[in-house]
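Report on the structure given below.
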Amino acid sequence: MTDNTVKTRWYKDAVIYQIYPRSFCDSNGDGVGDIPGIISKLDYLKDLGVTCVWLSPCYKSPNADNGYDISDYRDIMDEFGTLEDWQRMIDGMHQRGIRLVMDLVVNHTSDEHEWFKQSRSSKDNPYRDYYIWRKGRGKDGKKPPNNWTSRFTGSAWEYDETTGEFYLHLFHKKQPDLNWDNPKVRQEVADICNYWFDKGVDGFRCDVITYISKDQRFPNGKFNPAVCGDEHFVIGPNYHRYIHELNQNSWSRYDTMIVGEAQGITVKNAFDAVDESKEELDCVFTFEHQTQVDSFLTTVPKKFNLVKWKEIFSNWQALPQTCWNSLYIENHDYPRSLPRYGKLEYRKQVAKMLAITINFLRGTPYIYQGQEIGMTNFEDLKPEQYKDVVSIQIYDIAKKFAPLKPIVRWALNKKARDHARAPMQWSAGPNAGFTTGTPWMDVNPNYTEINVEEELADKDSIWYFYQAINHFRHGNEIIGKGSYRCYLPKDKRVWCYERNYNGKRYVVVANYFDKPARFRMPKELAHRSSKVLFHNYEGEIPLADCKLRPYEAVAFEIE
Ligand code: GLC
Ligand code: CA
């Protein structure tokens with residue numbers, strides 16, 4: 001163990017690419033993406049200007065939730081390869097100047113993890129307290145201990161015959177929650193982190209980390225038709241203490257980045273969660289901007305509100321340098337950003353507009369696989385195509401109430417996580433070049449037009465746009481350190497902001513809608529000599545008083 005490592009905060013200048021291994025690249029024709037497949041694409045990532053990969057779970061897992069249910073934290077899933085393959089992968093990354101951030105899923109394990117098998121076997125097993133067991137209510141003790149719901153539908157408690165008690169699972173019943181109030185569990189987690197750090201891993205993305213500490217009285221949650229109980233475990237009573245402890249016992253001893261998936265962390269409590277002085281997480285994925293449109297946990301898609309969107313980003317940008325931001329609009333839990341934020345007839349413009357507006361902010365940008373080529377949702381996702389356990393469980397409920405079926409189908413067609421999990425579209429060849437076998441889930445039929453080969457053949461493509469922005473950001477102090485100011489925050493169509501560092505200024509102007517927008521440049525920004533850095537349309541842009549075309553976005557430098 002390398003004690004007293006100084007954190008270099010390398011992540012402040014990183015571009016991170018998220019790989020969902022199941023769907024990235026299949027090397028052996030079994031239809032499932034794997035580690036040798038990733039190895040074959042490392043040059044691709046380097047060319048794109050990526051400097052770090054966040055790899056969704058690749059550990060042993062029975063795949064109730066595609067690897068987010070881990071049965072052995074120290075080994076690789078058979079379908080993905082071996083530890084030797086993994087070692088070749090990380091070596092290959094490091095040789096190319098790419099770091100590796102692994103997924104740390106420790107709010108829960110798989111029910112097939114040895115700890116849980118032991119835990120459920122008897123009340124006095126030494127592993128009993130690794131999980132959360134409670135007696136049921138009612139005369140026969142068969143009613144769940146409280147009204148908390150699983151984020152994946154239904155009660156959060158599962159009755160277990162062997163010992164006649166319930167265990168808690170905030171996700172699927174095959175994902176029992178660990179009991180973080182047990183110091184042995186916390187030590188196990190530190191040991192797991194250190195095991196991977198000693199193998200060269202550069203950081204972790206901590207899955208649902210804000211759920212780890214539960215109110216031990218297990219009170220009923222406020223009534224909520226969707227999810228119940230949040231107020232008793234989202235940033236629960238000992239959350240900060242446990243995270244600080246883990247930071248001290250593991251994370252701070254290596255030169256790492258620790259990013260938490262952080263439901264419940266908003267700009268209001270962000271300082272306590274991520275400020276460097278707290279020695280907890282380095283940064284978080286907030287849900288604030290994503291849930292402006294929808295999330296997989298709420299059922300009704302919302303209308304996009306640009307004023308709110310700007311306010312959320314602007315507030316996060318106003319945090320001190322010591323509170324670092326994660327800049328993301330896609331991951332494996334949301335449908336694609338196209339068409340969430342724009343109409344598909346303008347696919348290229350929308351993708352580039354999003355790339356400009358997100359990448360000129362302070363923070364570490366994330367690209368989710370396929371985002372760099374503008375991959376989209378399925379046009380019509382059919383129930384027989386659902387692979388995500390959430391889609392399947394929601395649709396199973398609908399099947400019991402026939403009139404609900406078309407509504408649920410409609411909602412899932414907009415919101416299912418399956419959209420983002422479809423295989424990566426490498427080429428116009430069979431199965432989009434993802435596999436030579438039968439892919440584990442359907443390829444989006446639009447792969448004949450949207451694929452890496454096409455993008456690389458077109459100098460004006462989304463891919464090259466991302467590549468240029470990634471290179472532009474590298475070492476750029478205005479982006480990394482500059483102040484942020486939002487102009488015209490109440491403008492409903494246009495986002496205009498400025499970054500300023502030692503008098504060097506960048507200005508971003510973007511029309512977020514499919515209709516032309518009149519825009520008058522704020523006085524402070526007009527009448528200066530300027531140089532266009534990025535623009536998603538051909539041709540000149542009149543800077544003083546202009547009509548922006550649908551989704552038109554420009555970033556320029558002014559003096
Ligand atoms: C996180 C993951 C998601 C998973 C859930 C349970 O939200 O991103 O994919 O289903 O945690 O582990
Ligand atoms: Ca494979």
Side-chain angles (χ1 to χ4, degrees), residues 18-41 54-59 61-71 73 76-82 85 101-111 113 150-153 156 169-178 204-212 227 234 259-265 284-287 290-291 295-297 326 328 330-335 366 368 387-394 416-421 423-424 431 433-441:
Q18 183 192 349
I19 292 181
Y20 194 69
R22 212 170 185 75
S23 302
F24 189 61
C25 179
D26 174 24
S27 71
N28 61 354
D30 67 354
V32 174
D34 47 48
I35 290 178
I38 297 174
I39 295 175
S40 72
K41 299 296 181 188
W54 152 27
L55 183 62
S56 277
C58 60
Y59 315 94
S61 164
N63 282 314
D65 187 19
N66 286 353
Y68 283 90
D69 49 317
I70 297 170
S71 55
Y73 288 92
I76 302 298
M77 191 189 300
D78 292 333
E79 286 174 304
F80 292 170
T82 61
D85 293 326
V101 165
M102 298 269 276
D103 221 301
L104 183 70
V105 188
V106 286
N107 172 69
H108 45 264
T109 69
S110 161
D111 67 338
H113 194 290
S150 152
R151 269 83 269 275
F152 287 179
T153 72
H169 61 91
L170 293 175
F171 293 87
H172 194 265
K173 64 174 187 236
K174 284 185 68 63
Q175 294 168 299
D177 280 51
L178 281 165
F204 284 107
R205 173 266 186 188
C206 304
D207 189 66
V208 291
I209 197 68
T210 47
Y211 287 23
I212 55 171
V227 283
V234 177
V259 53
E261 187 201 15
Q263 207 218 320
I265 293 182
V284 293
F285 293 119
T286 177
F287 282 44
Q290 289 291 85
T291 47
S295 84
F296 72 89
L297 297 174
S326 307
Y328 80 100
E330 287 197 15
N331 64 32
H332 62 292
D333 288 334
Y334 294 97
Y366 287 78
Y368 175 64
K387 291 286 181 193
D388 174 19
V389 61
V390 179
S391 310
I392 292 170
Q393 295 207 161
I394 293 178
R417 305 196 290 180
D418 300 281
H419 290 295
R421 298 174 177 192
M424 178 72 183
N431 301 313
F434 162 73
T435 179
T436 53
T438 309
W440 74 278
M441 78 171 281

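A quick note: this is a predicted structure, and the numbers were derived from the prediction, not measured. Atoms within each ligand, like the ligands themselves, are counted from 1 in listed order.
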Answer side chain, backbone, both or neither: which part of Gln263 comes under 4.0 Å from ligand 1, heavy atoms only.
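The answer is neither.
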Just to be sure I read this right, does ligand 1 sit under 4.0 Å from the backbone of Arg151, its side chain, both, or neither, counting only heavy atoms?
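Neither part.
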Whether Asn28 has an N, O or S atom under 3.0 Å from the Ca ion (ligand 2)
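Looking at Asn28, which is the residue asked about, there is an N, O or S atom under 3.0 Å from the Ca ion (ligand 2).
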Measuring to the Ca ion (ligand 2), does Val32 have an N/O/S atom at a distance below 3.0 Å?
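True for Val32.
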Interfacing atoms of ligand 1 (cut-off 4.0 Å, heavy-atom, [X]):
X      : result
Arg421 : 9 (O)
Arg205 : 2 (C), 8 (O)
Phe171 : 5 (C), 6 (C)
His108 : 6 (C), 12 (O)
Phe152 : 10 (O)
His332 : 2 (C), 3 (C), 8 (O), 9 (O)
Val208 : 1 (C), 7 (O), 11 (O)
Arg417 : 3 (C), 4 (C), 9 (O), 10 (O)

Give the atom name of whichever N/O/S atom in [X] sits closest to the Ca ion (ligand 2).
X     : value
Asp34 : OD2
Asp26 : OD1
Asp30 : OD1

Any Lys/Arg nitrogen of Asp103 or Arg205 sitting under 4.0 Å from an Asp/Glu carboxylate oxygen of the other?
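Looking at Arg205 together with Asp103, the answer is yes, because their closest N to O distance falls below 4.0 Å.
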Quick one: do Lys387 and Asp418 make a salt bridge, cutoff under 4.0 Å?
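No, this pair does not count.
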Lys173, NZ: over 12 other non-hydrogen atoms inside 6.0 angstrom
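No, because the 6.0 Å sphere around NZ of Lys173 holds 12 heavy atoms or fewer from other groups.
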Just so I know, are the side chains of Thr153 and Ile394 near enough to count as touching, which here means a heavy-atom distance under 4.5 Å?
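When only atoms from C-beta onward are counted, Ile394 and Thr153 do touch, with a gap below 4.5 Å.
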Answer yes or no: is there a side-chain heavy-atom contact under 4.5 Å between Arg22 and Met77?
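A side-chain contact exists here, since the closest heavy-atom pair is under 4.5 Å.
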Ignoring hydrogens and angles, state whether a donor on the side chain of Asn107 or Asp207 is under 3.5 Å from an acceptor on the partner side chain.
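No - no donor-acceptor pair under 3.5 Å links their side chains.
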Is a side-chain donor-acceptor pair under 3.5 Å present for Asp69 with Ser110?
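Asp69 and Ser110 do not have a side-chain donor-acceptor pair below 3.5 Å.
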Is there a donor-acceptor contact under 3.5 Å from the side chain of Gln175 to the main chain of Tyr68?
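Yes; at least one donor-acceptor contact below 3.5 Å.
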Proximity of Tyr20 and His332 rings by center, below 6.0 Å
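Ring-ring flag for Tyr20/His332: true, centres closer than 6.0 Å.
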Between Phe285 and Tyr328, how do the two ring planes meet: parallel, tilted or perpendicular, split at 30° and 60°?
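Rings of Phe285 and Tyr328: perpendicular, as their planes differ by over 60°.
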